[in-house]
Protein chains: 2
Amino acid sequence: MINTSFEQRTERRNRLIGLLRSETYWKTSDLREQLGISQRTLMRELAELKRAGYPIESERGRGGGIRLNGRWGVDRLQLSHHEVVELILSLAIMESLQSPLLTSNLKAIKQKLFQAFPQEQRSAVSNIRKRIMIGSNAGENIVSRYIAPEHALSECIAEAFLEQSCLEIDYQSESGEHTTRVIEAQYILLNWPIWYITAWDHLRESPRMFRIDRIKSARIVNGYFQLKPIEVFIGIYTPYYKSI
Amino acid sequence: MINTSFEQRTERRNRLIGLLRSETYWKTSDLREQLGISQRTLMRELAELKRAGYPIESERGRGGGIRLNGRWGVDRLQLSHHEVVELILSLAIMESLQSPLLTSNLKAIKQKLFQAFPQEQRSAVSNIRKRIMIGSNAGENIVSRYIAPEHALSECIAEAFLEQSCLEIDYQSESGEHTTRVIEAQYILLNWPIWYITAWDHLRESPRMFRIDRIKSARIVNGYFQLKPIEVFIGIYTPYYKSI
DNA sequence: CTATTTATGCCATTTAATGGCACATTAGAT
DNA sequence: ATCTAATGTGCCATTAAATGGCATAAATAG
C-alpha cells in the first residue's frame with residue numbers, strides 16, 4: 001500500500017493520538033497493529049508528532065515503549081455525513097436486534113446524539129436515513145444459506161448508494177439465472193442479517209429488489225441518479241419496513 | 001506545484017477555516033488568492049469540507065459566494081455513564097458482527113465519540129468497559145436452543161453489573177440442576193447472541209461462569225462487591241475475549 | 001442576451017507517502 | 001560477555017494522491 005489520502009491520514013493521526021491518550025504506555029508494535037500500518041510508517045508519524053510539539057517520551061530496550069505526557073486537547077467532535085449515517089444505523093440495528101444486556105435505552109441515545117449535530121448536517125443525513133430501512137429478522141432457513149458478500153463488493157455498493165451513483169451488477173437470482181444490469185440503489189433494506197437493495201432497474205425499466213448476497217460483482221458506472229418518489233416502490237416492496 | 005505534504009495540507013485547511021470564520025461571506029476567487037492555490041484546488045477543498053460535515057452554503061451567479069454557517073461539530077454530549085456504556089457497547093457489537101453495508105468505520109467512530117466525552121466520564125466508563133468482553137459468535141447449535149431472558153430479568157442483571165451489586169440468582173445448569181446462589185458479576189462476556197457472566201460465586205467461593213439465559217430469576221441483594229484482579233479469572237474463562 | 005460566479009469532470013504531471021530492509025542504539029536477561 | 005527485545009533512522013523502489021489547467025454546466029443579476 002502506497003500513499004493515503006489526506007482524509008485517511010488525518011483520521012489516522014487522530015486515532016493515534018486517541019490511542020496514546022487511552023493508555024499510559026504503549027509498545028510501538030502494538031500501536032502499529034492497532035492502526036494497521038508498518039513499523040516504519042508509525043515511527044515516522046511519531047517523529048512528526050514530536051516535531052509538532054507533542055510531549056512524547058520513549059524508552060529503548062527491553063520493556064521499552066512510548067508515552068504521551070500530560071493532557072492534550074482534542075478538537076470538537078466532528079463526524080462526516082457518512083460516519084453519522086453509520087452511527088445512527090448501527091444504533092438502529094442494535095435496537096432492532098434486542099440483545100438482552102445494556103441495550104434498552106438505544107432509542108433515546110440515538111435521538112440525543114442526532115440532535116447534537118448541527119442542523120445542516122442533520123438535514124443532509126436525514127435524506128439518507130429515509131432511504132435506509134430495517135425490517136424483521138430473516139427466517140432461519142434463509143440465514144442458514146446466507147453468505148456475506150466480500151468486503152470490496154460491499155464497499156462498492158455502499159458508495160453507490162451514498163453517492164447516488166449508478167451501479168452495474170452481475171446478479172444471480174434464486175433460480176440461478178445470471179444477468180448483468182445497471183441499477184439505481186434508491187433504498188437499502190435490512191432483514192437482519194440480509195441486506196436488500198430496492199432499485200430502479202435500467203434493464204427492465206422498473207422497480208426491482210436485489211439481495212446483496214446474490215450480487216456477484218459490481219462496479220460504479222458513469223452517471224448519477226435522482227431519487228424517485230416513494231410511490232414508485234410502495235405496495236410492492238416496502239410496506240413493512242421502517243426507516244432509520 | 002504538485003502535491004503538498006500532510007503538514008502543509010493541514011495548515012492550509014486550518015487557514016481556510018480561519019478565513020471562512022473571519023468574514024461572513026467570501027468569493028472563492030478571493031479565497032484562492034489568500035491561500036495561493038488554484039481555483040480548482042480550492043473547490044476541491046471546499047467539497048471535502050462539506051463532505052466532512054462543515055456547514056458551508058453557497059450561491060451561484062452574480063454577487064454569489066460562500067458562507068460558513070455558525071455552528072459545526074457536535075454539541076456537548078449529555079449522556080449518562082450508563083448511556084455511554086450502552087453506546088460504546090452497541091458500536092463494539094456491530095463492529096464484531098460485520099454486517100456488510102455501512103459498518104466499516106465503526107472502530108474510528110467509536111473512538112472519536114468516546115474522546116468527545118469529558119475526562120472524568122471517560123475514566124468512569126473505561127473502568128466498566130474493561131469488564132465487558134466480546135468473543136466470537138456462538139455456534140449454530142447453541143443459538144438454535146437459545147431463548148432470550150425476559151426484560152425485567154435482564155435489567156436486573158445489568159444493574160447489578162453496573163452498580164457492582166451482589167446478585168442472588170436461581171440458575172439451571174445445562175444438566176438441569178437448579179441452584180440458588182449469590183454472585184458478583186465481575187465481567188460480562190458476549191458470544192453473540194449469548195451473554196455470559198464471569199462471576200465470583202459465593203456458593204462455591206470460586207470463579208464461575210453463568211449463561212444469562214439459564215438464569216431463571218434474579219434479585220439484587222444487600223452488599224456491593226469489589227473487583228477482583230483479572231488473574232483470578234484468567235486461564236479459566238477469559239483468554240480469548242477482548243474488552244470493548 | 002452577456003457577464004459573473006460557483007461547481008465538477010477529465011487529464012497530464014509531479015511528488016509525497018508507504019513498506020521493506022539494513023543498520024544503530026539502548027535496556028534487560030542469562 | 002552474548003543474545004533478545006525494543007525504539008529509532010537512512011535509503012530505495014513503487015505508486016497513488018494532489019495539483020493546475022481546461023472545458024463544460026448551472027445559477028444569478030443586470
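Labels below follow one simple rule: chain letters A, B, ... track the order of the sequence lines, proteins then strands, and each chain is numbered from 1.
Counted by atom type alone, Thr28(B) and Gln39(B) present one or more donor-acceptor pairs between their side chains at under 3.5 Å. For the residue pair Gln34(B)/Arg15(B), the side-chain donor-acceptor check at 3.5 Å is not satisfied. Neither side chain, Thr103(B) nor Gln98(B), offers a donor N or O lying under 3.5 Å from an acceptor on the other.
Protein atom CD of Glu48(B) is 18 Å distant from nucleotide atom P of dT6(C), rounded to whole Å. In this structure, Gln39(B) places its CD atom 9 Å from C1' of dT5(C), rounding to the nearest Å. One interatomic measurement links the two molecules: CZ of Arg32(B) to P of dT6(C), which rounds to 12 Å at whole-angstrom precision. Spacing between atom CD of Glu45(B) and atom C1' of dA7(C) amounts to 15 Å, rounded to whole angstrom units. If you measure from atom CD1 of Ile37(B) to atom P of dG21(D), you get 12 Å, rounded to the nearest angstrom. Going from atom CZ of Arg62(B) over to atom P of dC1(C) covers 15 Å, rounded to whole Å. Nucleotide dA7(C) holds its P atom 7 Å from the CG atom of Leu46(B), rounded to whole Å. Separating the CD atom of Glu59(A) from the P atom of dT7(D) is a distance of 11 Å, rounded to the nearest angstrom.
Regarding contacts with the backbone of dT18(C), every side-chain N or O of Ser38(A) stays at 4.0 angstrom or more from both OP1 and OP2. Note on Ser58(A): every side-chain N or O is 4.0 Å or more away from OP1 and OP2 of dT7(D). In this structure, Thr41(B) reaches the dG20(D) phosphate: one of its side-chain N or O atoms is under 4.0 Å from OP1 or OP2.
With distances taken from any side-chain atom of Thr4(B) to the nucleotides dA27(C), dA29(D), dT19(D), the minimum falls on dT19(D). Among the nucleotides dT7(D), dC11(D), dC22(D), the one closest to the side chain of Arg44(A) is dC11(D). With distances taken from any side-chain atom of Met43(B) to the nucleotides dT9(D), dT8(C), dT7(D), the minimum falls on dT8(C).
End-to-end axis angle of the helix from dC1(C)-dG30(D) to dT30(C)-dA1(D), from C1' rotation axes over five pairs per end: 30° (rounded to 10 degrees).
Gly61(A) comes within contact range of at least one nucleobase, with a heavy-atom separation under 4.0 Å. Among the atoms of the strands shown, only primed sugar atoms or phosphate atoms (P, OP1, OP2) are found under 4.0 Å from some heavy atom of Ile66(B).
Along DNA chain D, the nucleotide nearest Gly63(B) and the nucleotide nearest Lys27(A) are compared for position; the residue whose nucleotide lies closer to the 5' end is Lys27(A).
The pair Glu45(A)-Arg9(A) meets the salt-bridge criterion, with a side-chain N (NZ, NE, NH1 or NH2) lying under 4.0 Å from an Asp/Glu carboxylate O. A salt bridge does not link Asp170(A) to Arg214(A): none of the charged nitrogens lies less than 4.0 Å from a carboxylate oxygen.
Looking at Asn3(B), its side chain has no donor and acceptor atom pair within 3.5 Å of the base of dA16(C). Side-chain atoms of Arg60(A) stay outside donor-acceptor range of the base of dA6(D), with no qualifying N/O pair under 3.5 Å. The base of dG10(D) sits with one of its N or O atoms less than 3.5 Å from a complementary donor or acceptor on the side chain of Arg40(A).
The closest donor-acceptor contact from the side chain of Trp26(B) to the backbone of Leu19(B) lies under 3.5 Å. Looking only at distances, a side-chain donor or acceptor of Gln164(A) sits under 3.5 Å from a matching main-chain atom of Phe225(A).
Taking the six-membered ring for Trp and the full ring otherwise, the centers of Tyr196(A) and Phe210(A) sit at least 6.0 Å from each other.
For the segment residues 5-17 of chain B, residues with any heavy atom less than 4.0 angstrom from an atom of DNA chain D are, sorted by number, Arg9(B), Arg12(B).
Checking each of Lys112(B), Arg51(B), Lys107(B) against Glu83(A) for a salt bridge (charged side-chain N to carboxylate O under 4.0 Å, His left out) leaves exactly one that passes, namely Lys112(B).
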So Arg67(A) and Glu23(A), salt bridge (charged side-chain N to carboxylate O under 4.0 Å, His left out) or not? Walk me through it. CA-CA 8 Å; Arg67(A) 169 198 334 260; Glu23(A) 305 280 350; over 6 Å; no
